[in-house]
Amino acid sequence: MPTLERHGDVAVLDLGDGENRFHPDWIGSVNAALDELEKADGPRALVTTATGRFYSNGLDLDWLFAHAEQHQDYVDSVHRLLARMLTLPLVTVAALQGHVFAAGAMFSLAHDFRVMRADRGFWCLPEADIHIPFTEGMSALIQSRLTPQTAHEAMVTARRYGGTAAATAGIVDQAVGEDSVRSTAIEIAEAQAGKAGDTLGTIKARMYAAVVAALHGHG
């Protein structure tokens, strides 16, 4: 399960050491960590990362298929988390140390910045291959954070981007060595920690108002 620890003005949220799929309990833990950060005072920023082969492998399809009657509530909870991350009133950096797939990739896009390991791991939106269409809210999020050409390629072809290719495509801001992923993300976050607060939250909320509206709908 996710764990939160502080490094000065930067909070590091480790998403876990497995596939870090969006199980309802996992979503609840991430939201609890964000609650703690939002209640804090003073300079602060957030880095999310994970331990092991995966940053996040997306929706927990096993849980979802076993609880089909809760499908809409589950999707709504994922949408709310994406919208919350997108408009969090502090700077967020995703440190992508491993594979980033599907809703996990969308979660990374909801951060302000992304740092990815250059030599191993893929960032991918596999929905075209697994025959699960994007919701309207998810489509809006992806298209708001990527260039039209990159969004089209990523969504239509399900391309797997390595770190260097992801940086070239503008999906991530930097691709670095394995040992530098977390430290680089913390350095970026630390430099922006003084911006936390209501003003930044308002800027983000207005910038992404249409995306948030789509995520709060029932697409």
Side-chain angles (χ1 to χ4, degrees), residues 1-6 11-40 44-112 114 123-127 130 132-142 144-145 185 189 201 204-205 208 211-219:
M1 296 298 287
T3 57
L4 187 67
E5 49 183 58
R6 295 299 292 255
V12 177
L13 179 62
D14 191 311
L15 301 177
D17 59 2
E19 291 191 20
N20 305 322
R21 289 183 178 270
F22 285 43
H23 185 280
D25 292 341
W26 184 93
I27 293 173
S29 293
V30 173
N31 276 317
L34 299 184
D35 288 342
E36 182 178 334
L37 279 175
E38 289 203 66
K39 291 175 183 175
R44 59 200 185 282
L46 172 65
V47 168
T48 67
T49 189
T51 305
R53 293 179 57 221
F54 293 90
Y55 173 82
S56 173
N57 213 9
L59 300 185
D60 192 334
L61 297 179
D62 290 339
W63 184 93
L64 183 57
F65 293 151
H67 301 81
E69 75 284 357
Q70 300 181 50
H71 170 267
Q72 191 60 60
D73 289 341
Y74 175 75
V75 172
D76 287 348
S77 72
V78 173
H79 283 178
R80 286 193 297 269
L81 178 59
L82 295 175
R84 184 179 192 184
M85 202 71 208
L86 188 64
T87 57
L88 207 64
L90 47 96
V91 169
T92 58
V93 186
L96 309 176
Q97 91 302 332
H99 297 304
V100 194
F101 276 73
M106 298 174 215
F107 184 69
S108 76
L109 290 179
H111 291 62
D112 297 305
R114 284 156 298 288
W123 188 100
C124 178
L125 296 171
E127 280 74 6
I130 62 177
I132 298 177
F134 300 97
T135 66
E136 291 179 12
M138 291 173 177
S139 295
L141 169 62
I142 296 164
S144 74
R145 300 295 283 131
K204 290 186 182 183
Y208 295 109
V211 179
V212 171
L215 286 167
H216 285 168
H218 295 282

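Everything numeric in this text was worked out from a predicted model, so none of it was measured.
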With sequence neighbours excluded, residues passing ring pair (Phe, Tyr, Trp, His ring centres under 6.0 Å) with His67: Trp63
Check: Leu37 main-chain N/O paired with Arg44 side-chain donor or acceptor under 3.5 Å: yes
Option among Val91, Val93, Leu34 that satisfies the side-chain contact (heavy atoms from CB on, under 4.5 Å) test with Leu46: Leu34
Is there a side-chain contact between [X] and [Y] in this structure, where contact means two heavy atoms from C-beta onward sitting under 4.5 Å apart?
{"X": "Ile132", "Y": "Leu61", "answer": "yes"}
{"X": "Ser144", "Y": "Tyr208", "answer": "yes"}
{"X": "Arg21", "Y": "Asp62", "answer": "no"}
{"X": "Leu125", "Y": "Met106", "answer": "yes"}
{"X": "Glu38", "Y": "Pro89", "answer": "yes"}

So, for [X] and [Y], which heavy atoms are closest and what is the spacing to 0.1 Å?
{"X": "Ser108", "Y": "Ala105", "answer": "OG-O, 2.6 Å"}
{"X": "Pro126", "Y": "Cys124", "answer": "CD-O, 3.4 Å"}
{"X": "Gly52", "Y": "Gln97", "answer": "O-NE2, 3.1 Å"}
{"X": "Thr87", "Y": "Ala205", "answer": "CG2-CA, 3.9 Å"}
{"X": "Val30", "Y": "Pro2", "answer": "CG2-CG, 3.8 Å"}

Arg53 CZ: over 12 foreign heavy atoms closer than 6.0 Å: no
[atom1]-[atom2] distance between [X] and [Y], expressed to the nearest 0.5 angstrom:
{"X": "Met85", "Y": "Leu215", "atom1": "CE", "atom2": "CG", "answer": "13.5 Å"}
{"X": "Leu13", "Y": "Thr48", "atom1": "CG", "atom2": "OG1", "answer": "6.5 Å"}
{"X": "Asp112", "Y": "Thr92", "atom1": "CG", "atom2": "OG1", "answer": "3.5 Å"}
{"X": "Leu81", "Y": "Leu86", "atom1": "CG", "atom2": "CG", "answer": "11.0 Å"}
{"X": "Tyr74", "Y": "His79", "atom1": "OH", "atom2": "NE2", "answer": "11.0 Å"}
{"X": "His23", "Y": "Asp60", "atom1": "NE2", "atom2": "CG", "answer": "5.5 Å"}

Full working for side-chain contact (heavy atoms from CB on, under 4.5 Å) between Val47 and His111: CA-CA 9 Å; Val47 168; His111 291 62; over 6 Å; no
Worked verdict on Ile27 versus Arg80 for side-chain contact (heavy atoms from CB on, under 4.5 Å): CA-CA 10 Å; Ile27 293 173; Arg80 286 193 297 269; over 6 Å; no
Side chain to side chain donor-acceptor pair (under 3.5 Å) involving Asp35 - partner list, sequence neighbours excluded: Arg84
side-chain contact (heavy atoms from CB on, under 4.5 Å) assessment of Asn20 paired with Trp26: CA-CA 8 Å; Asn20 305 322; Trp26 184 93; 4.0 Å; yes
Trp123 vs Tyr55, side-chain contact (heavy atoms from CB on, under 4.5 Å): CA-CA, chis, key distance, verdict: CA-CA 10 Å; Trp123 188 100; Tyr55 173 82; over 6 Å; no
